[in-house]
Amino acid sequence: MARSKSMVVALADIRMALELRMVKWSLVLSAAFGPFLTIALVAGPSLVLTGPELELITAVLMPMAAAMLAMFSIIPATMISANALVGEREQNTLEPLLCTPLTDRELLWGKTLSSILICGAILVLSTLASAIGIAAILLGAGKQLIIFPDLPGLFMLAVVAPIVLFAVVSLMIIISGKVQRVYEAYQMSGAIIMIFMLPMMAPIVSSPSGVVDPSMVWMWNLLSFFLAVVIAIITWAVAIKQFNRDKMVSLV
Amino acid sequence: MRIVGEIITNQLSKRFGELKALNRVDIVVQRGSVFGLLGPNGAGKSTTTRLLSTVLKPSFGTAQMGEFDIIENPVKVREITGVLPEEGSHTLYPSMTAYQNLEYFANLYDVPDEEIPERIEELLTFMELWERKDDKAGELSTGNRQRLALCRALLHKPKILLLDEPTSALDPIAAKRVRELILSLAKKYGQTFFINSHNLSEVQRICDRIAILDEGQILLTGTTSELRQKLHAKQEFVIRVVGDIKKAESVVTSQHFVESVKIGVDSLLVTIENPTENNSQLMRDLLNAGVNIVEFAEEEASLEDLYLEVLKGGDN
């Protein structure tokens, strides 16, 4: 069956991204650190605490772990998407690509898909690894089982994170049309991650008493979701509309 | 009257800010012909190729590639066009193998899946790269990368090929093979070639028509002989003599219509003003002076001479 051209572009981008040591290490670290920290945060306190103290700390750490796992999975997307356009321009491979019958939409979707496929896979695998790791440790230690992710956490990982991922990549595409070098795009990606990190981490920061109210977690999750949806729609529309072959080539 | 051509530009212009990179260029390239665009660095040759390949958008004017307009149907234009960009050898994916580079583009150009392996093998074999098919493009020599980039341009059997310096970085044998390939493809399959080049002898050898571009404007266009006629290039004549070359020289230099004389071992290269009127006078005087003439022939201006003359005219 013929693959879509966007998928052809995405698979080529993934292959090239995996050749870059910096991207490769960022993927390995994200895939390893996310589950490691999640397991430590969720299963760790159960090994030493019990009763209301454990319930309190778990209520704080569960949303934090889910948000962190999501962020660790999204961070490599900034590098992959920066390389996908600015990197191609830097190594002079963009012009032949622009000479093919790819439409702007197919090209940009392909570039977006490469980040989404890799980071989506990391997100799913990290979540599974964390859930299994937590269960294995707690059951092995004879402690009460904690299901990770809980419902707000699942919403964060299954709904909010993929949309944030899409929004981050769309923003990176817009940035790619403005900068000349990959490292400039990398520098700007830090700021982008921060935009999304704040509302995702807000439930913990915003509870002065240290007690996390579940309704507060839902509120911030929904706020993150709406922020991501709005940014994703706007940035994707802007990325498609503003994508300028002239500018992409002239910036060389 | 309707102009028939595979590539027709109509007032094609491109500005980069204040810079007029291309200014109202009109070119017609016939189907199955090889067209050469000459010009110094910065003349606008690569901008022309980028506009025709729809990578850049014109600031004014347009162009027709085959049946399609570059502004209205850019995707269709790209489907029927193969492009070797400027510095083609540097436009390959260095971490992909030679085969993977071609396979990637074959998919993007909609080459049917079942034809891809055969097409790649055919091209790589022709370019003597089949043995290197599993080598990463970044590990190939510049010449081999250039050949690979040419394979990429030919992969989807395009109707029109836009080649920017196709034989640069190639050794003479490979360059000759590429020239032969261009001529045979144009003849056999009616593919149209638009070539940017600095290599004047190559252009003279393979191009049916030539345009000379400078500072974004076409200075002259036509076949080599048409260019010669349009330029009214000063005609040079070779006068070969047997015997006293000095005597011949003194006769020639005494003529008021002789602009310059270069002396060889047994010949003079003479530039004559208004030769139709003055040649017979010069010959008569030489014979009267006892010079034994064995040849009196016109020396045709080479493309290089014409090119330099056109650009010199442009400077004035």
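Convention: sequence-line order gives letters A, B, ...; per-chain numbering from 1.
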Open item on the list: In the structure I gave you, are the side-chain heavy atoms of B:R50 and A:R245 within less than 4.5 Å of one another anywhere?
Closed with: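 They are not in contact (no side-chain heavy atoms under 4.5 Å apart), so the answer is no.
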- [ ] For the residue pair A:C99 and B:F105, establish whether any side-chain heavy-atom pair is separated by less than 4.5 Å.
- [x]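 No - every pair of side-chain heavy atoms lies 4.5 Å or more apart.
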Task: Proximity breakdown for B:V83 and chain A, heavy-atom pairs closer than 4.5 Å - done: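 The answer is the side chain of B:V83.
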Open item on the list: Taking side chain as everything from C-beta outward and backbone as N, CA, C, O, which of these in B:L92 sits under 4.5 Å from a heavy atom of chain A? Side chain, backbone, both or neither.
Closed with: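 Contact with chain A involves the backbone of B:L92 alone.
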Nearest-0.5 Å distance that lies between atom [atom1] in [X] and atom [atom2] in [Y]:
X     : Y     : atom1 : atom2 : result
A:E95 : B:H90 : CD    : NE2   : 13.5 Å
B:S95 : A:L20 : OG    : CG    : 7.5 Å
B:Y93 : A:N92 : OH    : CG    : 11.0 Å

TODO: Mark yes or no for whether B:R78, through its side chain, and A:L102, through its backbone, hold a donor-acceptor pair below 3.5 Å.
DONE: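 Flag set: sc B:R78 to bb A:L102 pair under 3.5 Å.
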Task: SB check A:D246 B:K14 (cutoff 4.0 Å) - done: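 Result for this pair is yes, salt bridge flagged.
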- [ ] Given side chain to side chain contact (heavy atoms under 4.5 Å, CB included), test B:Y104 with A:L97 step by step and report yes or no.
- [x] CA-CA 10 Å; B:Y104 178 37; A:L97 198 58; 3.5 Å; yes
Task: For chain A, the option from B:T54, B:L162, B:D110, B:I80 that forms the most heavy-atom pairs under 4.5 Å - done: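 Heavy-atom pair counts peak at B:D110.
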Task: side-chain contact (heavy atoms from CB on, under 4.5 Å) partner of A:P96, chosen from B:V55, B:L84, B:T91 - done: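 With A:P96 as partner, B:V55, B:L84, B:T91 yield a single side-chain contact (heavy atoms from CB on, under 4.5 Å), made by B:T91.
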Open item on the list: Show, in sequence, the C-alpha distance, side-chain angles and deciding distance for A:R15 and B:M96, and conclude whether the side chain to side chain contact (heavy atoms under 4.5 Å, CB included) test is met.
Closed with: CA-CA 8 Å; A:R15 184 188 287 167; B:M96 286 191 197; 4.1 Å; yes
Task: More than 12 heavy atoms of other groups within 6.0 Å of B:K133 NZ - done: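 Yes - once you tally the heavy atoms of other residues, nucleotides and ligands closer than 6.0 Å, there are more than 12.
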